[in-house]
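Below, chain A is the first sequence line, B the second, and so on; all start at residue 1.
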There are 2 protein chains.
Amino acid sequence: MRVRLEDVARAASVSPKTVSRVLNDEANVSDDTRKRVRAAMEAMDYRPLSSARSLAGNRSFLVAMLYDNNDNPASTYLAEIQDGVLEACDLHRYSMMVRPLRMRGDDFVRRLDAVISDHHPDGIVLTPPITDYAPLLQRLRERHVPFASVSPMSRTDNIGVAMDEQLAARTMVEHLLSLGHRRIAHVSGIADHGASRWRLAGYREAMAAAGLPEDPALVVEGAFTFASGVAAARQLFALKQRPTAVFAANDDMASGVMWAANQSGLKVPQDLSVCGFDDIPLASQLWPALTTIRQPSREMGKIAALQLLEVLRGRGQGQLVQMPFSLQIRESTAAIP
Amino acid sequence: MRVRLEDVARAASVSPKTVSRVLNDEANVSDDTRKRVRAAMEAMDYRPLSSARSLAGNRSFLVAMLYDNNDNPASTYLAEIQDGVLEACDLHRYSMMVRPLRMRGDDFVRRLDAVISDHHPDGIVLTPPITDYAPLLQRLRERHVPFASVSPMSRTDNIGVAMDEQLAARTMVEHLLSLGHRRIAHVSGIADHGASRWRLAGYREAMAAAGLPEDPALVVEGAFTFASGVAAARQLFALKQRPTAVFAANDDMASGVMWAANQSGLKVPQDLSVCGFDDIPLASQLWPALTTIRQPSREMGKIAALQLLEVLRGRGQGQLVQMPFSLQIRESTAAIP
DNA sequence: GACACAAATGACAGCGCTGTCAATTTGCAA
DNA sequence: TTGCAAATTGACAGCGCTGTCATTTGTGTC
């Protein structure tokens with residue numbers, strides 16, 4: 001038969017309520033008692049029944065990770081974040097569920113409400129690009145559902161994890177500048193994603209700081225996909241004055257650019273330097289391996305979830321953790337000839 | 001305040017137990033009553049509290065999807081299956097959780113037990129490569145946890161979804177043969193994965209049927225990754241008698257082969273035909289677009305979950321659904337010069 | 001209309017935990 | 001040693017639903 005809390009109580013010669021206190025790490029339990037109870041739990045391999053805990057305690061021990069994969073082809077990114085969130089949840093014995101939640105559609109709030117009412121997550125982890133969708137944030141606040149975000153656009157009133165993407169992008173471009181490149185193109189992402197804005201801003205900042213005039217022809221909008229990288233590259237290669245380096249806003253597009261370069265007979269990095277952003281697994285597998293910005297997605301998912309859990313467990317307020325980035329210089333960038 | 005089952009009962013002038021019957025689609029409720037109760041539920045936007053249902057009914061309404069991503073770099077594949085499983089679960093108002101579960105390690109059974117004891121899933125969806133791990137299956141049967149599999153190796157005593165991968169592989173190779181190719185190489189996957197075996201078997205079958213002697217040099221083992229495709233291709237290109245076509249056991253490796261071909265100055269498909277398996281998004285984005293076998297992962301995840309749910313809901317036994325495949329002929333394969 | 005039987009409905013306890021609040025023990029100052 | 005507040009522990013009800021079993025209602029037969 002199942003071991004119940006009551007059984008543990010009997011074994012430890014305390015009341016069920018005391019076992020409950022130990023289980024929930026509550027204060028006001030003597031060290032001696034706590035130890036005895038813990039030992040009994042261990043000895044009996046006690047597994048609290050989460051449905052009973054939820055019913056009695058009015059909490060679900062559930063964290064929901066919301067995402068919109070409609071606009072987000074980089075499923076490897078979401079998968080990594082998911083792994084990180086799950087790791088954090090496991091640490092505190094919370095469950096995790098994942099829910100796609102498309103932004104488009106006027107029944108958005110209804111769908112969000114359904115998720116909350118049906119599953120009662122204690123808290124929510126938001127992933128780009130829905131980290132900044134106003135109706136979502138508003139509704140979560142109205143319903144008092146705590147949430148944490150991965151790479152939110154707004155850096156105030158938010159907990160979770162963020163990276164200084166603008167500085168990272170600037171650093172990337174400065175690397176190209178230091179190699180002697182002057183005609184540096186940028187393939188940006190979907191316009192209203194925070195990631196696109198910051199990376200583009202970082203590019204512009206670096207170019208301006210180097211005293212280079214802005215050339216609109218050198219900035220092409222992509223969609224974070226391999227195919228859009230190919231298309232953007234074709235457009236850039238068709239320019240009368242071809243760029244000598246391309247900074248793509250993510251690795252998928254960067255590999256598209258490299259592919260197109262290969263097709264056009266351009267050697268990377270001899271004829272063209274290419275760099276990306278994210279450091280997806282493919283980046284180091286490509287040949288030549290891609291110079292990029294390392295963004296530890298898995299770790300970021302974990303940290304965001306930990307901030308949320310801190311709040312859920314009544315341990316603190318949580319904060320917006322600033323993530324360091326690192327420039328991964330590999331073989332796809334080189335000095336101009 | 002929250003609307004409870006009791007409130008619905010009062011509104012519909014029936015006992016709580018009757019509302020419970022309607023909620024659970026049980027028999028022995030008159031059509032009239034059922035309609036009245038449904039209307040009341042609708043009107044009051046009643047949301048049953050799953051923790052109470054679980055506690056009283058001793059079921060969790062939870063489906064767990066288990067995977068081992070350690071050996072499975074194609075996270076896009078798992079993400080699609082996950083989406084499909086989730087869709088099926090939503091259909092029947094079940095929740096879904098995902099759990100990585102590494103096969104290696106002698107504490108495997110303990111880890112599996114922990115998942116079951118902690119979360120009490122009503123059933124489990126297994127994904128390759130853990131669909132055929134004997135200790136896992138044995139333990140699930142011992143604990144009477146129903147499960148369904150996506151592409152299990154054993155086609156007996158299993159419910160879920162499968163594709164005739166061997167026939168698909170054979171069909172792919174026959175396509176190459178029909179284009180006049182004779183020196184056809186195969187880049188296989190991780191040896192003990194079912195997918196690798198079937199695809200290799202299909203390749204051999206087609207070659208033998210065409211009366212071509214088996215040349216061990218033409219079969220190179222990869223690991224389902226882009227990088228392993230590149231490595232395998234290099235090995236094949238180094239052969240004194242280079243193959244004119246390469247059939248890779250998945251699209252990631254096929255794109256690796258194409259990449260390597262590009263690097264070696266081989267034009268695809270003029271100098272080398274390349275084809276893959278799975279039809280991942282990248283396949284149609286590549287240039288030239290990759291000829292491959294379409295494997296509808298998302299749909300397969302959904303179907304597997306539906307078989308499981310049929311069992312969980314006491315609606316039937318579930319079955320191993322055979323999935324049709326389709327050959328996607330694109331631009332990466334062509335007749336030999 | 002009376003009877004047998006099946007279908008429909010309801011009463012009630014209890015699933016395993018936690019919230020509330022009361023009871024007991026401990027620690028410490030006087 | 002006594003007194004009192006603080007710390008610790010426990011008693012008990014109840015969270016919202018479903019299982020069990022009893023009761024009522026409906027249906028068909030002679």
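- Which of C:dG19, D:dC15, C:dT9 sits closest to the side chain of A:Leu55 comes down to D:dC15.
- Here B:Thr18 reaches the OP1 or OP2 of C:dG10: one of its side-chain N or O atoms lies under 4.0 Å away.
- The side chain of B:Ala56 has D:dT18 as its nearest neighbour among C:dT18, D:dT18, C:dT9.
- For the pair B:Asn28 CG and D:dT25 C1', the interatomic distance rounds to 13 Å; values are reported in whole Å.
- Within the nucleic acid shown, A:Ser51 has no heavy atom closer than 4.0 Å to any nucleic acid atom.
- Whole-Å rounding puts the A:Asp32 CG to D:dA7 C1' distance at 15 Å.
- Ranking C:dG19, D:dT18, D:dT8 by closeness to the B:Leu5 side chain, first place goes to D:dT18.
- In this structure, A:Lys35 places its NZ atom 18 Å from C1' of D:dT9, rounding to the nearest Å.
- Of the charged side-chain nitrogens involved, none lies within less than 4.0 Å of a carboxylate oxygen, so that A:Glu299 and A:Lys302 do not count as a salt-bridged pair.
- A close approach under 4.0 Å does occur between a side-chain nitrogen or oxygen of B:Arg53 and OP1 or OP2 of D:dT18.
- Counting only heavy atoms from C-beta on, B:Leu49 has its side chain closest to D:dC17 among D:dC17, D:dA7, C:dA8.
- The CZ-C1' distance, from B:Arg34 to C:dA7, rounds to 12 Å in whole Å.
- Each of B:Val14 and A:Arg4 lies near DNA chain C, and the nucleotide nearest B:Val14 is the one positioned closer to the 5' end.
- For B:Asp132 (side chain) and B:Pro152 (main-chain N/O), no donor-acceptor pair under 3.5 Å exists by modelled atom type.
- Side-chain atoms of A:Arg21 come within donor-acceptor range of the base of D:dG10, with a qualifying N/O pair under 3.5 Å.
- Side-chain atoms of A:Arg155 do not come within 3.5 Å of backbone N or O of A:Ala162 as any donor-acceptor pair.
- Within the structure, a side-chain polar atom (N or O) of B:Ser30 is placed less than 4.0 Å from OP1 or OP2 of C:dT9.
- Using a 4.0 Å cut-off, some side-chain N or O of B:Tyr46 falls inside it from OP1 or OP2 of D:dC17.
- To the nearest angstrom, C1' of C:dT25 lies 16 Å from CG of A:Asp31.
- No side-chain heavy atom of A:Asp45 sits under 4.5 Å from any side-chain heavy atom of A:Val3.
- The side chain of B:Ser54 contributes no N or O atom lying less than 4.0 Å from OP1 or OP2 of D:dC17.
- Of the candidates D:dT20, C:dG16, C:dA8, D:dT20 carries the atom nearest the B:Lys17 side chain, counting heavy atoms from C-beta on.
- In the model, A:Ser51 has no side-chain atom that pairs as donor or acceptor with a side-chain atom of A:Ser54 under 3.5 Å.
- Residue A:Asn24 is classed as a sugar-phosphate contact, given heavy-atom separations below 4.0 Å to backbone atoms only.
- Rounded to whole Å, atom P of C:dA11 lies 12 Å from atom CD of B:Glu6.
- Checking B:Ser60 against B:His119 by side-chain atom types alone, no donor-acceptor pair falls below 3.5 Å.
- At whole-Å resolution of the value, CG in B:Asp118 and P in C:dC17 are 13 Å apart.
- Comparing C:dG16, C:dT18, D:dT18 against the side chain of B:Leu23 picks out D:dT18 as the nearest.
- Atom pair A:His120:NE2 and D:dC15:P shows a separation of 15 Å (rounding to whole Å applied).
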